[in-house]
Number of protein chains: 2
Amino acid sequence: MIESDIFKALADPTRYAIFEKLAAGSMNASALREGMTISQPAMSQHLAVLRNAGLVREERQGRFVNYEVDPEGLALIARWLAKYRAYWPSRVDALKSLLKDMDQ
Amino acid sequence: MIESDIFKALADPTRYAIFEKLAAGSMNASALREGMTISQPAMSQHLAVLRNAGLVREERQGRFVNYEVDPEGLALIARWLAKYRAYWPSRVDALKSLLKDMDQ
DNA sequence: CGATGACATAAGCATACACTTATGTGATGC
DNA sequence: GCATCACATAAGTGTATGCTTATGTCATCG
């Protein structure tokens, strides 16, 4: 996976909204569609992109497929962000030392 | 600016590479092109996108325009990431309390 | 068993977008 | 002045991608 792929997954406003909704609580694909004007295949395709990016993971539950935020994707972004800590504004300087611990 | 715009700016591999290069040290548009097979207008357009996303800022220096990483863009991503700290893996749990300080 | 429901995949289409060539703008130097 | 350099903008083009409709797959239920 190219590093820009995870950003590409979040670049689409619809996909971004889906991720935000999932972050508020895990649910299945049908529940995700509620309140959004989006077709079933479109939702399925977006979820596949988010899953391939490591931002979301799925779990079969009978006929339903439950989706939830995958911490690994967020960790990837966190590690990416840590690379540029030299440029962070001073008011978050306190983070510098702790992010160092994340670098393995 | 829609929140997904900053991710859209980093979604393109070429633009991502430009940002990474700038993070290694500020330089002008011509210097950025060295080592990359990219036309001058393409570079200019990419830099405009990165600037509009708040990831990069410019400073006129005579005929040259010096570009550098804009900490505001990274801070935006950091604040975004902080919203989902509930999902971060346990090994970065130590970050939780500090990121709370960033929430204004 | 067949019917239905939840979701995935296929194929086609329309728009977005990253590129190109050409031209414009603004600063330095002769 | 005008030639040149560094960069921005305009306009056009090909491809990527997000959508659609149609169909496939898999599990539950009667």
Side-chain angles (χ1 to χ4, degrees), chain A residues 1-23 25-70 73, chain B residues 1-23 25-70 73:
Chain A
M1 176 166 68
I2 309 175
E3 288 190 275
S4 60
D5 279 357
I6 195 163
F7 295 122
K8 190 185 276 187
L10 291 167
D12 179 66
T14 304
R15 219 146 45 212
Y16 179 87
I18 292 171
F19 179 83
E20 274 207 313
K21 206 165 181 178
L22 269 183
S26 66
M27 56 185 104
N28 57 55
S30 295
L32 273 169
R33 286 184 63 206
E34 288 170 19
M36 305 183 68
T37 48
I38 183 175
S39 69
Q40 179 268 317
M43 173 62 74
S44 183
Q45 288 159 14
H46 279 311
L47 286 170
V49 172
L50 287 170
R51 180 165 37 81
N52 288 332
L55 285 163
V56 149
R57 62 187 177 196
E58 64 183 51
E59 185 187 357
R60 262 247 164 221
Q61 284 180 352
R63 286 190 302 195
F64 296 83
V65 178
N66 198 264
Y67 283 92
E68 61 181 355
V69 169
D70 188 346
Chain B
M1 177 167 67
I2 309 174
E3 288 190 277
S4 62
D5 279 357
I6 195 164
F7 295 121
K8 190 185 276 186
L10 291 167
D12 180 66
T14 304
R15 217 145 47 211
Y16 180 86
I18 292 171
F19 180 82
E20 274 208 314
K21 205 166 183 178
L22 269 183
S26 65
M27 58 184 102
N28 57 54
S30 296
L32 273 171
R33 286 183 61 205
E34 287 171 20
M36 306 184 67
T37 47
I38 184 175
S39 68
Q40 179 268 316
M43 175 60 75
S44 183
Q45 288 159 14
H46 280 310
L47 286 169
V49 172
L50 288 170
R51 180 165 38 79
N52 288 332
L55 284 164
V56 150
R57 60 187 177 195
E58 64 182 51
E59 186 186 357
R60 262 250 164 219
Q61 284 180 351
R63 284 190 303 192
F64 297 82
V65 177
N66 199 265
Y67 282 92
E68 61 182 355
V69 169
D70 188 345

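Quick caveat: nothing in here was measured; it's all calculated off a predicted structure. Below, chains carry the letters A, B, ... as their sequence lines are ordered, and counting in each starts from 1.
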Can you check the [X] [atom1] to [N] [atom2] distance for me, whole Å?
X     : N      : atom1 : atom2 : answer
A:Y67 : C:dA6  : OH    : C1'   : 11 Å
A:R15 : C:dA16 : CZ    : P     : 16 Å
B:D12 : C:dC19 : CG    : P     : 6 Å
A:R60 : C:dG5  : CZ    : C1'   : 11 Å
A:E58 : C:dA8  : CD    : P     : 6 Å
B:Y16 : C:dC17 : OH    : P     : 21 Å
A:L32 : C:dA6  : CG    : P     : 14 Å
A:Q61 : C:dC7  : CD    : C1'   : 14 Å

Exercise. Counting side-chain heavy atoms from CB outward, which of C:dA6, C:dC19, C:dC17 is closest to B:T14?
Worked result: C:dC19
Problem set entry | Contact boundaries on DNA chain D for chain A, cut-off under 4.0 Å to non-hydrogen atoms | D:dT17 to D:dT28
Pairwise distance [atom1]([X]) to [atom2]([Y]) - rounded to 0.5 angstrom:
X     : Y     : atom1 : atom2 : result
A:T14 : A:M36 : OG1   : CE    : 6.0 Å
A:I6  : A:L50 : CD1   : CG    : 9.5 Å
A:L22 : A:D70 : CG    : CG    : 11.0 Å
B:Y16 : A:D5  : OH    : CG    : 10.5 Å
B:E58 : B:N28 : CD    : CG    : 12.0 Å

Exercise. Can you find a side chain N or O atom of A:S30 that sits less than 4.0 Å from OP1 or OP2 on C:dA6?
Worked result: no
For this session: Report yes if at least one side-chain N or O of B:K8 is closer than 4.0 Å to OP1 or OP2 of C:dC17; otherwise report no.
Result: yes
Exercise. With no hydrogens and no angle check, is any side-chain donor or acceptor of A:R15 less than 3.5 Å from a backbone partner on A:H46?
Worked result: no
For this session: Spell out, as yes or no, whether a donor-acceptor pair under 3.5 Å connects the side chain of A:R33 to the backbone of A:G35.
Result: no
Problem set entry | Pairwise side-chain contact, A:V49 with A:K8, heavy-atom cut-off 4.5 Å (strictly under) | no
Exercise. Is any side-chain heavy atom of A:L47 closer than 4.5 Å to a side-chain heavy atom of A:L32?
Worked result: yes
For this session: With a 4.0 Å heavy-atom cut-off, tell me which residues in residues 40-47 of chain A come close to DNA chain C, sorted by residue number.
Result: A:Q40, A:P41, A:S44, A:Q45
Exercise. When you match A:T37 and A:R63 each to their closest nucleotide on DNA chain D, which lands nearer the 5' end?
Worked result: A:T37
